[in-house]
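Presented below is the structure to which this report refers.
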Amino acid sequence: MYETKNPQLTPELYGYVLDHNPPLDPIERELIEVTHRSLADVSGMQTAEEQGPLLAFLVRLTGARQIVEVGTFTGFSALSMARALPAGGRLIACDISEEWTAVGREAWAKAGVADRIDLRIAPAIDTLRALPGGSWIDLVFLDADKESYIDYWEELLPRLRPGGLLVVDNTLYHGDVADPAATGGGAAVRAFNDHVRADDRVDDVLLTVADGLTLARKRP
C-alpha cells in the first residue's frame with residue numbers, strides 16, 4: 001500500500017502556504033477577486049493562487065524569454081509569467097474566449113505588461129500549428145481542454161528548445177486519474193499522463209501541487 005507524506009491540506013494549512021509564498025500584488029489580487037465575483041460559475045478554471053508565484057519562479061529559473069500558454073481564461077497565470085519575463089521577452093497566450101480574456105487584458109494593462117503578451121483568440125490547435133518551426137520556445141504552460149492535451153503536447157514539444165520546460169496543470173484531475181474506469185476529462189488526462197511517461201524526449205515529474213502539476217524538461 002502506498003503511503004503519503006503529504007499532510008491534509010486544511011484551510012488553515014493552505015492559508016499558511018499562501019502566507020509563506022511571495023505575496024500577490026494588488027493587481028493580481030484584484031484579478032482573482034474580479035474573476036470569482038463576475039464569473040462565479042466558471043471561476044474554478046482559474047489557476048490556483050499558489051501557482052502564480054511558482055510560474056514566475058520557473059520563468060526566472062529557466063531564464064525564459066519565449067513562453068507559450070495554452071488556456072488563458074482571465075489571465076492570472078499569464079500576468080504572473082509576463083511580469084517575470086526579462087526585457088524583450090514575449091508570451092503567446094492561446095484562448096477562445098474574448099469575454100474571459102477581456103478581464104485579463106485589463107489587468108495586464110494595469111500591470112504594464114500588455115506589450116509582452118500576444119493574445120491569440122482561436123482554437124489553440126490552429127494557433128499552435130501556425131507557429132514557426134524549430135526549437136525556440138523556452139517554457140510552456142498548458143492548462144486548456146484536457147481532451148486535446150496530447151495534441152497540444154505533440155505540437156509544442158518539437159518547438160521547445162533543448163532544456164526547455166513544459167508545465168502542465170490539472171494532471172491529477174480531481175483524483176480521477178487513479179480510476180481505470182475514468183471517463184471524460186479524467187480519462188483524457190490519464191491517457192495524457194501515460195503518454196508523457198512513455199515519451200523518451202523528456203524528463204518528467206508529476207507533483208501534487210493544486211490539482212496536479214507535471215513538469216517536463218526536454219532532453220538535449
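Predicted, not measured: the structure shown is a model, and the values here were computed from it. As a basis for the values below, the full set of heavy atoms in this structure was taken, side chains included, without hydrogen atoms, waters or symmetry mates.
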Criterion side chain to side chain contact (heavy atoms under 4.5 Å, CB included) on Arg90 and Arg65, from CA distance to verdict: CA-CA 6 Å; Arg90 182 177 69 148; Arg65 300 180 62 86; over 6 Å; no
Intermediate values then yes/no, side chain to side chain contact (heavy atoms under 4.5 Å, CB included), Gln8 and Leu13: CA-CA 8 Å; Gln8 182 181 1; Leu13 184 55; over 6 Å; no
Derivation and outcome, salt bridge (charged side-chain N to carboxylate O under 4.0 Å, His left out), residues Asp143 and Lys146: CA-CA 8 Å; Asp143 184 19; Lys146 312 314 172 191; 3.3 Å; yes
Verdict with reasoning, Ser148 to Asp151, per side-chain hydrogen bond (donor to acceptor under 3.5 Å, both in side chains): CA-CA 5 Å; Ser148 299; Asp151 292 336; 4.8 Å; no
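Ala107 and Ile27 get closest at one heavy-atom pair: O-CG2, 3.7 Å. Across all non-hydrogen atoms, the minimal contact from Thr72 to Asp95 is N-OD2, 2.8 Å. Tyr152 approaches Ala144 most closely through the heavy-atom pair CE1-CB, 4.0 Å. Between Ala64 and Pro86, the closest heavy-atom pair is O-CD, 3.2 Å. When every heavy atom of Ile117 is checked against every heavy atom of Ala93, the shortest pair comes out as CG2-CB, 4.1 Å. Scanning all heavy atoms of the two residues, the minimum distance from Ala56 to Ser80 falls at CB-O, 3.6 Å.
Legend: salt bridge (Lys or Arg N to Asp or Glu O under 4.0 Å) pairs involving residues 207-217, not counting sequence neighbours, sorted by first then second residue: Asp203-Arg217. Residue pairs that meet the salt bridge (Lys or Arg N to Asp or Glu O under 4.0 Å) test with at least one member in residues 166-195, sequence neighbours left out, do not exist here. Among pairs with a residue in residues 62-84, those fulfilling ring pair (Phe, Tyr, Trp, His ring centres under 6.0 Å) read Phe73-Trp100, at least two apart in sequence or across chains.
Remark: Arg201 engages Glu154, Asp199 in a side-chain hydrogen bond (donor to acceptor under 3.5 Å, both in side chains) (not counting sequence neighbours). Partners of Glu147 under the side-chain hydrogen bond (donor to acceptor under 3.5 Å, both in side chains) rule, at least two apart in sequence or in another chain, do not exist in this structure. Taking the side-chain hydrogen bond (donor to acceptor under 3.5 Å, both in side chains) definition, one finds that Glu49 meets it with Arg29, sequence neighbours left out. Looking at residues two or more places apart in sequence or on another chain, you find a ring pair (Phe, Tyr, Trp, His ring centres under 6.0 Å) between Phe192 and Tyr149, Trp153. Considering only residues two or more places apart in sequence or on other chains, Arg105 meets the side-chain hydrogen bond (donor to acceptor under 3.5 Å, both in side chains) condition with none of them. For Phe141, there are no ring pair (Phe, Tyr, Trp, His ring centres under 6.0 Å) partners two or more places apart in sequence or in a different chain. Residues passing the side chain to side chain contact (heavy atoms under 4.5 Å, CB included) test with Thr127 are Cys94, Arg120, Ala122, sequence neighbours excluded. Contacts of Phe57 classified as side chain to side chain contact (heavy atoms under 4.5 Å, CB included), with partners at least two apart in sequence or in another chain: Leu61.
Annotation: side chain of Lys218 is not in contact with side chain of Arg161 (no heavy-atom distance under 4.5 Å). Looking at Leu157 and Leu166, their side chains come closer than 4.5 Å, going by heavy atoms from C-beta outward. A heavy-atom distance below 4.5 Å is not found between the side chains of Val167 and Val140. Looking at Leu207 and Val205, their side chains come closer than 4.5 Å, going by heavy atoms from C-beta outward. By the 4.5 Å heavy-atom criterion applied to side chains, Val68 and Leu156 are counted as neighbours. Residues Arg159 and Ser135 have side chains not in contact (no heavy-atom distance under 4.5 Å, counting atoms from C-beta outward). With a 4.5 Å cut-off on side-chain heavy atoms, Leu165 and Asp138 do not count as touching. Looking at heavy atoms from C-beta onward, Asn193 lies in side-chain contact with Val177 at the 4.5 angstrom threshold.
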What pairs of donor and acceptor atoms, side-chain ones from residues 37-44 against any protein atom, are under 3.5 angstrom apart with sequence neighbours left out?
unit_1 : atom_1 : unit_2 : atom_2 : d
Ser38  : OG     : Val34  : O      : 2.7
Ser43  : OG     : His36  : ND1    : 3.4
Ser43  : OG     : Ala40  : O      : 3.2

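Here OG1 of Thr74 is found 11.5 Å from CD of Glu106. Values are rounded to the nearest 0.5 Å. Of the inter-residue distances, the one linking Glu50 atom CD with Leu213 atom CG reads 10.0 Å to the nearest 0.5 angstrom. Taken from CG in Asp204 to NE2 in His195, the straight-line distance is 11.0 Å, to the nearest 0.5 Å. Leu160 contributes atom CG, which lies 8.0 Å from atom CG of Leu139 (distance to the nearest 0.5 angstrom). Residue Met45 holds its CE atom at 10.5 Å from CG of Asn170, rounded to the nearest 0.5 Å.
Side-chain heavy atoms closer than 4.5 Å link hydrophobic residues (I, L, V, M, F, W, Y) into clusters, and following such links, even through other members, never connects Val196 to Leu215. Residues Leu24 and Val59 fall within the same hydrophobic cluster, defined by Ile, Leu, Val, Met, Phe, Trp and Tyr side chains chained together at heavy-atom separations under 4.5 Å. Hydrophobic clustering (ILVMFWY, side-chain heavy atoms < 4.5 Å, transitive): Leu172 and Val209 are in distinct clusters. By the rule that hydrophobic residues join a cluster once side-chain heavy atoms approach within less than 4.5 Å of another member, Ile92 and Trp108 end up as members of separate clusters. Linking ILVMFWY residues whenever their side-chain heavy atoms come closer than 4.5 Å, directly or via other members, leaves Val202 and Val189 in distinct clusters.
Judged by distance alone, the side chains of Gln51 and Ser77 never bring a donor and an acceptor atom under 3.5 Å apart.
No more than 12 heavy atoms of other residues, nucleotides or ligands sit less than 6.0 Å from atom CD1 of Ile96.
The closest donor-acceptor contact from the side chain of Arg116 to the backbone of Ala87 lies at 3.5 Å or more, if one exists at all.
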